[in-house]
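Everything below concerns the one structure shown next.
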Number of protein chains: 2
Amino acid sequence: MRALTALSERSVPTVSSEELAAAAGVNSAKLRKDFSYLGSYGTRGVGYDVEYLVYQISRELGLTQDWPVVIVGIGNLGAALANYGGFSARGFRVAALIDADPAMAGKPVAGMPVQHTDDLEKIISENGVSIGVIATPAGAAQQVSERLIAAGVTSILNFAPTVLSVPEGVDVRKVDLSIELQILAFHEQRKAGEEAAAAAAGGSSSVGGAAAAAAVVPPAGRTAAEQRKGGPEGDVPAVMPA
Amino acid sequence: MRALTALSERSVPTVSSEELAAAAGVNSAKLRKDFSYLGSYGTRGVGYDVEYLVYQISRELGLTQDWPVVIVGIGNLGAALANYGGFSARGFRVAALIDADPAMAGKPVAGMPVQHTDDLEKIISENGVSIGVIATPAGAAQQVSERLIAAGVTSILNFAPTVLSVPEGVDVRKVDLSIELQILAFHEQRKAGEEAAAAAAGGSSSVGGAAAAAAVVPPAGRTAAEQRKGGPEGDVPAVMPA
DNA sequence: TCATGTGAAAGTTTTCACAGCA
DNA sequence: TGCTGTGAAAACTTTCACATGA
């Protein structure tokens with residue numbers, strides 16, 4: 001979708017699966033197969049109409065409608081989220097900012113007055129909000145989630161470092177900022193291990209009890225699109241069988 | 001690892017693959033197979049020693065060492081990251097906060113004086129930093145990444161809404177806050193579609209050209225551990241073959 | 001006796017390669 | 001001719017089920 005949007009902005013009329021795959025850093029056959037599940041939106045011998053494809057995928061991903069969201073907990077992170085331009089650019093409208101601190105009430109953040117938690121239920125129902133963002137301290141998160149859900153929210157993006165317990169039918173996504181760092185650290189460690197291994201090539205290595213430094217992820221040429229989610233390989237650090 | 005840490009905090013001495021799998025919401029056979037790649041750390045008939053397993057996995061994930069990181073761009077998000085307790089709790093030490101605004105220099109954020117970009121190279125080398133966090137505006141990110149890399153950083157966590165172009169050997173993870181919302185919105189849309197489908201059960205549905213609402217992700221019972229990454233199924237919205 | 005560790009089976013995803021159509 | 005759409009093959013992941021050992 002990112003690659004497509006970029007093409008659309010450059011007013012490129014059509015694109016082949018090969019070109020789009022290169023831009024997105026995926027295999028062209030996979031891209032075609034994936035698109036085929038949505039329907040036959042391409043033209044043989046020509047490629048895909050960029051605008052049409054953008055529309056079809058947007059629709060499929062639910063980006064054609066406008067989603068009102070509330071952000072609860074307007075600390076540093078909440079304020080950062082409120083100011084984050086990417087939301088409005090992608091079909092999300094920040095309907096309200098909510099905080100439990102009475103001193104925050106009325107204060108403008110990102111050009112919008114912060115409202116008090118007391119009005120949470122009213123705000124949710126009046127705006128037809130179904131997606132809530134929790135950026136409160138860990139201690140408040142569970143309670144906030146319960147109030148959000150009782151008021152009608154069915155999807156929650158949780159930045160608080162707690163696992164929320166929610167009824168079935170409610171989706172929770174947890175963003176753990178430190179996990180991203182952990183994944184980088186994992187690969188950093190591997191790099192160090194590889195260097196050491198290369199330096200001591202052939203030497204008598206003292207392996208403790210496991211395949212600690214022995215299992216090495218193949219470096220492989222990195223394409224721009226692997227930045228989709230980052231690290232050398234996938235999302236989860238892979239430990240290869242021996 | 002989360003499940004294990006919880007057991008460790010409750011001073012549970014040993015755990016079977018079955019128990020741990022239930023707590024983590026995964027299949028016990030998979031858990032055993034995964035562990036087997038790290039080594040044979042269990043005892044047949046007994047299970048796994050919690051502390052020992054925590055240690056082994058920590059080591060494998062690179063959590064036993066302390067990683068100094070710098071945060072560049074001390075706006076709302078940068079400040080939020082600096083204040084985020086989760087980092088220090090997981091083996092990361094914020095070595096420095098760096099901002100390009102001279103007015104920020106010296107200001108304390110999270111009990112630490114903000115330093116000016118001019119000193120970036122010096123800070124990196126003196127602290128032996130290999131992981132950098134970019135929380136600058138999009139326009140500054142590429143340049144900042146280049147300076148970080150030139151100074152010796154080999155892993156970057158990028159919060160700026162830009163794709164960074166980096167030399168081979170440097171890892172970049174991009175955190176796109178709006179993508180999380182998009183995934184929630186995708187599932188929201190599905191929920192709405194399922195309701196509509198249930199309401200009009202048996203009726204003559206007008207399918208446009210594709211399997212729009214036709215492809216439905218099975219709701220399935222949700223376990224706590226699915227919150228690892230959120231949505232009903234995996235990371236990426238799945239469209240099922242017909 | 002109980003739970004690990006692991007071959008083998010089942011299931012899923014990705015890639016190949018080419019028929020078919022504009 | 002050129003590129004899509006897709007069966008079939010290959011690669012990979014997950015689960016089963018049981019021999020093995022504490």
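Numbered from 1 within each chain, the chains take letters A, B, ... in sequence-line order. Worth knowing before you read on, the calculation uses all heavy atoms, side chains too, and leaves out hydrogens, waters and symmetry mates.
The backbone N or O of Y41(B) sits nowhere less than 3.5 Å from a side-chain atom of Q56(B) that would complete a donor-acceptor pair. The main-chain N or O of M1(A) is found under 3.5 Å from a side-chain atom of T5(A) such that the two form a donor-acceptor pair.
Ring-centre distance between Y84(A) and F87(A): below the 6.0 Å cut-off. Side-chain rings of F35(A) and Y48(A) approach one another, their centers coming within less than 6.0 Å.
Map G45(A) and S36(A) each onto its nearest nucleotide of DNA chain D; the residue landing nearer the 5' end is G45(A). Position along DNA chain C of the nearest nucleotide to D34(A) versus T43(B) favours T43(B) as the more 5'-ward residue.
Checked against dC3(D), dG7(C), dA17(C), the side chain of R32(A) finds its nearest nucleotide in dA17(C). Side-chain proximity of A29(B) to the nucleotides dA19(C), dA17(D), dT4(C) is greatest for dA17(D). Listed candidates were dT4(C), dA19(C), dG5(C). Nearest to the side chain of S16(B) is dT4(C). Side chain of S17(A), nearest nucleotide from dC16(C), dT4(D), dT6(C): dT4(D). Taking every side-chain heavy atom of K33(B) into account, dG7(C) is the closest of dT4(C), dG20(C), dG7(C).
Contact between the side-chain N/O atoms of N27(B) and the OP1/OP2 oxygens of dC16(D) is found at a separation under 4.0 Å. Between K30(A) and dT14(C) there is a side-chain polar atom (N or O) within less than 4.0 angstrom of OP1 or OP2.
Spacing between atom CZ of R44(A) and atom P of dC18(C) amounts to 16 Å, rounded to whole angstrom units. Atom OH of Y37(A) is separated from atom P of dT4(D) by 17 Å (rounded to the nearest Å). One atom, CZ of F35(B), and another, P of dT13(D), lie 18 Å apart when rounded to the nearest Å. Distance, D49(A) CG to dT4(D) C1': 15 Å, rounded to whole Å. To the nearest angstrom, P of dC3(D) lies 8 Å from CD of E19(A). L31(A) places its CG atom 16 Å from the C1' atom of dC16(C), with the value rounded to the nearest Å.
Contacts of Y48(A) with the nucleic acid, taken as non-hydrogen atoms under 4.0 Å apart, involve only primed sugar atoms and P, OP1 or OP2.
Annotation for Q143(B): atom CD does not count as buried by contact number, only 12 or fewer foreign heavy atoms lying within 6.0 Å.
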